[in-house]
Student: 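The structure under discussion is supplied below as structure tokens; questions concerning it will follow.
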Amino acid sequence: MEEEDGRVRPGSIWAKARFGEGVVIGNLDTGVWPEAGSFRDDGMGPAPARWRGICQDQQASDDAQARCNRKLIGARFFNKGYLATVGQRQVNPASTRDTDGHGTHTLSTAAGRPVPGANLFGYGNGTAKGGAPSAHAAAYKVCWRPVNGSECFDADIVAAFDAAIHDGVHVLSVSLGGAPAEYFRDGVAIGSFHAARHGVTVVCSAGNSGPAAGTVSNTAPWLVTVGASTMDREFPAYLVLDNKKRIKGQSLSPTHLPSNKFYQLISSEEAKGANATATQAKLCIEGSLDKAKVKGKIVVCIRGKNARVEKGEAVRRAGGVGLVLASDEASGNEVIADAHVLPATHITYTDGIALLASSASGYITVPYTSLDTKPAPFMAAFSSQGPNTVTPQILKPDITAPGVSILAAYTGLAGPTGLAFDERRVLFNAESGTSMSCPHVAGIAGLLKALHPDWSPAAIKSAIMTTARVQNNMRKPMSNSSFLRATPFGYGAGHVQPNRAADPGLVYDANATDYLGFLCALGYNSSTIATFMAGAGDGGGHAHACPARAPRPEDLNYPSVAVPHLSPTGAARTVTRRVRNVGAGAAAYDARVHEPRGVAVDVRPRRLEFAAAGEEKQFTVTFRAKKGFFLPGEYVFGRLVWSDGAGRHRVRSPLVARVVDSKKKKPLSID
């Protein structure tokens, strides 16, 4: 299996790491379904000697509670913050059991055991396994039934982080997040700082608010932030029209329409009910369609606002026989396979525009599994984008990984759509989101921890970032969902390559002292910083005195370089980085720079010579806006690559720059 798609390929590298054996991967989410085959423990050894976790439900007598084993060695729930807000009657009884499938799906993606014959309604049939299949797993339930839009509370999130640190996890997968927020107001940022101080690698989802700019969440530099991209597998389902034209879409619907009969197509807007608005009908909001107009027809709905599968249910209840879901302009060419409740297919924005401009009849074919599709990967439209609105000196997201139509274990308490009307039950489900890409990287982090147990969380992140690729399987630059060239604001350092991350050559390392300096650079005072210093085993916050001359945020030793406040006068802005040789011995690396448009970049020194493994070297990167070169105020991108003489290692770092008006402190713009 090719590593370019972000999946781990069997081989000697990971055999040395015994596929994560001895590592514990924790998951902050909605709980776990322990009966899933991904959590069986045959062939698993006992929990590590240092493990101090518990299976909280096993302390109760109720047989319906979740049980642990040698694979699933810990399961806790945290709901004090939730109950303080919504009241004691909202969760009764409390349990670590997963009621919506999200936690089971993410944890099995990170650390699930191999399960042959995994599929959803026969689609995607094969062996399912997590990124680190031999690692132990632990579930930390922090999310509950939503009340007034809130389901995961900071108090519970921080408590779960501290419990996981106490228990002895090595990696935490955190598919949670809200709007970007200052770090001292962000439970994930605070909890993950506690974890990083104790050597725990934290991997988080970037968010699903794309493709708008500045939407990326989980932006703290001490965690790994993961965007979502596609892989080379699709589930095509065609809309066949009466003029013999075939429009390709995707679906995982278990039902289909007979191929010897054509059904009239109608746009949902034309099928508007008397009491609905045009916008409601266009989006196929429940109750917005006229049953008399819809009965016996295939309805064309537009993506947006309500869940994709919910649109199909609205059509089904109105008497429609099929759904064509057309992407909106923001989603572009992104199509997602869902387990619809009626025959359905999801088509691109371009095809949707053409279809709505015609009058036709047709039918929807049976979906099938297609492998080695091209181009892949490309960025998912929903994946949240940079720039980092909290600290633009830190590029986010850091990396991208598979997050579209990911097949993984599921709960027995919900249907594959996750909606109340869906009474179907499945062992595996295909889901999409940065929640799905996050545990891919968490699994890889687990493998790296097993292979390099002395590596810090920052070193693991650096290895993942600096070995990523920015080309698709057609050897062309990665694109976004509209097939326009993607940028580091979408993919960070690129699409993850697990095998290459095992031997990165050089790493950009950082520790708690570096991160405290970063907080000082942001102007945080001692009382605010004490919030980050509290945590598991600390007994309270510690005072930290910032130096009289605080470092700049952009000088944090990060594997990417972002300079968002470059002067238009040609004045230089220099940042400092240091790298450690993690190769087998002595080595020399030469710098190669691909300059951002309109920006001159100078690296000093241009050559780094290491006498031995473990040695560290420092270098500077100086940015200048080119004189006489008109540069509008948008961000521009380049990259720095350190290569050794043997050509074995290429250590890549994204470069990001933006020229601002030094007087107004605002980006230059076109009048």
Side-chain angles (χ1 to χ4, degrees), residues 1-10 33 36-40 101-102 104-131 133 228-238 248-256 308-309 312 325 334-347 364-378 380 382 401-412 414-418 422 424-440 443 473 495:
M1 187 178 294
E2 293 298 318
E3 66 172 5
E4 285 84 354
D5 57 11
R7 291 172 285 190
V8 175
R9 182 173 58 196
W33 188 256
S38 298
F39 304 124
R40 72 182 194 281
H102 194 270
T104 301
H105 196 283
T106 52
L107 183 54
S108 64
T109 299
R113 298 286 285 163
V115 180
N119 66 83
L120 175 61
F121 303 132
Y123 306 124
N125 189 61
T127 298
K129 63 179 177 179
S229 38
T230 65
M231 57 181 172
D232 58 351
R233 182 182 66 189
E234 295 179 345
F235 301 98
Y238 287 84
K248 181 183 177 182
Q250 290 199 52
S251 179
L252 286 165
S253 173
T255 60
H256 65 281
R308 298 181 300 273
V309 289
L325 177 60
E334 178 187 79
V335 293
I336 296 176
D338 290 306
H340 293 283
V341 294
L342 79 173
T345 188
H346 183 175
I347 65 175
I364 299 168
T365 65
V366 182
Y368 65 95
T369 304
S370 177
L371 303 178
D372 301 318
T373 59
K374 296 180 179 181
F378 62 84
F382 58 75
V404 178
S405 301
I406 304 301
L407 189 71
Y410 204 60
T411 181
T417 64
D422 193 350
R424 300 172 297 178
R425 295 295 181 265
V426 295
L427 298 177
F428 289 82
N429 196 19
E431 295 202 336
S432 299
T434 56
S435 286
M436 284 65 249
S437 57
C438 167
H440 278 80
N473 56 5
H495 193 84

Student: Would you check if the side chain of Ser108 reaches a backbone N or O of Ala409 as a donor-acceptor pair within less than 3.5 Å?
Tutor: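 Pair found, side chain donor or acceptor close to backbone of Ala409.
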Student: Show your working on side chain to side chain contact (heavy atoms under 4.5 Å, CB included) between Val309 and Val341 and close with a plain yes or no.
Tutor: CA-CA 7 Å; Val309 289; Val341 294; over 6 Å; no
Student: Using a 4.5 Å cut-off on heavy atoms from C-beta on, say whether the side chain of Glu334 contacts that of His346.
Tutor: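 Not in contact.
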Student: With a 4.5 Å limit on heavy-atom distance, are the side chains of Tyr368 and Pro236 in contact?
Tutor: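 Yes, side chains in contact.
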Student: Would you say Ile406 and His105 make side-chain contact, with heavy atoms under 4.5 Å?
Tutor: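 Counting from C-beta outward, Ile406 and His105 do come under 4.5 Å.
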Student: Could you tell me whether the side chain of Arg425 and the main chain of Gly412 form a donor-acceptor pair under 3.5 Å?
Tutor: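 Here the side-chain-to-backbone pair exists.
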Student: Determine the minimum heavy-atom distance between Lys248 and Glu234, stating which atoms define it.
Tutor: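 Smallest heavy-atom distance, with atoms named: NZ-OE1, 2.9 Å.
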Student: Run the side chain to side chain donor-acceptor pair (under 3.5 Å) check on Thr109 and His440 step by step: do they pass?
Tutor: CA-CA 6 Å; Thr109 299; His440 278 80; 5.4 Å; no
Student: Do Val404 and Ile336 have side chains that get closer than 4.5 Å, going by heavy atoms?
Tutor: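 Side-chain contact under 4.5 Å: yes.
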Student: With no hydrogens and no angle check, is any side-chain donor or acceptor of Asn473 less than 3.5 Å from a backbone partner on Ala376?
Tutor: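 Yes: the side chain of Asn473 pairs with the backbone of Ala376.
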Student: Do other residues, nucleotides or ligands put more than 12 heavy atoms under 6.0 Å from the CG atom of Leu427?
Tutor: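 12 or below, so no.
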Student: Among residues at least two apart in sequence or on other chains, which ones pass side-chain hydrogen bond (donor to acceptor under 3.5 Å, both in side chains) with Thr417?
Tutor: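 Expected list: Asp422.
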Student: Measuring from Thr369:OG1 to Arg233:CZ, what's the distance to the nearest 0.5 Å?
Tutor: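 So the OG1 of Thr369 and the CZ of Arg233 are separated by 7.5 Å.
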Student: Can you see which heavy atom on Ala339 is nearest to which on Pro416, and at what distance?
Tutor: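 For Ala339 versus Pro416, the nearest heavy atoms are CB-CB, 3.9 Å.
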Student: Can you check whether Met231 reaches His495 side chain to side chain, under 4.5 Å on heavy atoms?
Tutor: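 Side-chain contact under 4.5 Å: no.
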Student: Keeping to residues at least two apart or across chains, list the side-chain hydrogen bond (donor to acceptor under 3.5 Å, both in side chains) pairs with something in residues 117-127.
Tutor: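 Only Asn119-Asn125 qualify under side-chain hydrogen bond (donor to acceptor under 3.5 Å, both in side chains).
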Student: Checking Phe378 now: which residues fulfil ring pair (Phe, Tyr, Trp, His ring centres under 6.0 Å) with it, not counting sequence neighbours?
Tutor: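 Per chain and number, Phe378 pairs via ring pair (Phe, Tyr, Trp, His ring centres under 6.0 Å) with Phe483.
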Student: How many angstroms lie between CZ in Phe235 and OG in Ser405, if you round to the nearest 0.5 Å?
Tutor: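 Between Phe235 CZ and Ser405 OG, I get 6.0 Å after rounding to 0.5 Å.
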Student: So how far is it from Gln250 CD to Tyr238 OH, rounded to the nearest 0.5 Å?
Tutor: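 Separation between the atoms: 10.0 Å.
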Student: Just so I know, are the side chains of Tyr410 and Val426 near enough to count as touching, which here means a heavy-atom distance under 4.5 Å?
Tutor: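 The answer is yes, as the side chains (C-beta and beyond) meet within the 4.5 Å cut-off.
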Student: Check whether any side-chain heavy atom of Asp232 lies under 4.5 Å from a side-chain heavy atom of Leu371, and answer yes or no.
Tutor: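 Counting from C-beta outward, Asp232 and Leu371 never come under 4.5 Å.
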Student: What residue pairs, at least two apart or across chains, pass salt bridge (charged side-chain N to carboxylate O under 4.0 Å, His left out) with a residue in residues 335-344?
Tutor: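 Residue pairs passing salt bridge (charged side-chain N to carboxylate O under 4.0 Å, His left out), neighbours aside: Arg308-Asp338.
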Student: Who passes side chain to side chain contact (heavy atoms under 4.5 Å, CB included) against Pro254, sequence neighbours left out?
Tutor: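 With sequence neighbours excluded, Pro254 shows a side chain to side chain contact (heavy atoms under 4.5 Å, CB included) to Phe121, Arg424, given in chain and number order.
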Student: Going from CD on Glu431 to NE2 on His102, what distance comes out if it is rounded to the nearest 0.5 angstrom?
Tutor: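 Going from the CD atom of Glu431 to the NE2 atom of His102 covers 6.5 Å.
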Student: If you take all heavy atoms of Trp33 and Thr104, which pair is closest and at what distance?
Tutor: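 Nearest heavy atoms, Trp33 then Thr104: N-OG1, 2.8 Å.
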Student: So, do Met436 and Thr106 sit near enough that their side-chain heavy atoms are less than 4.5 Å apart?
Tutor: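 They are in side-chain contact.
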Student: Using side chain to side chain contact (heavy atoms under 4.5 Å, CB included) as the criterion, list what pairs up with Ser253, not counting sequence neighbours.
Tutor: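 Only Ser251, Thr255, His340 meet the side chain to side chain contact (heavy atoms under 4.5 Å, CB included) criterion with Ser253.
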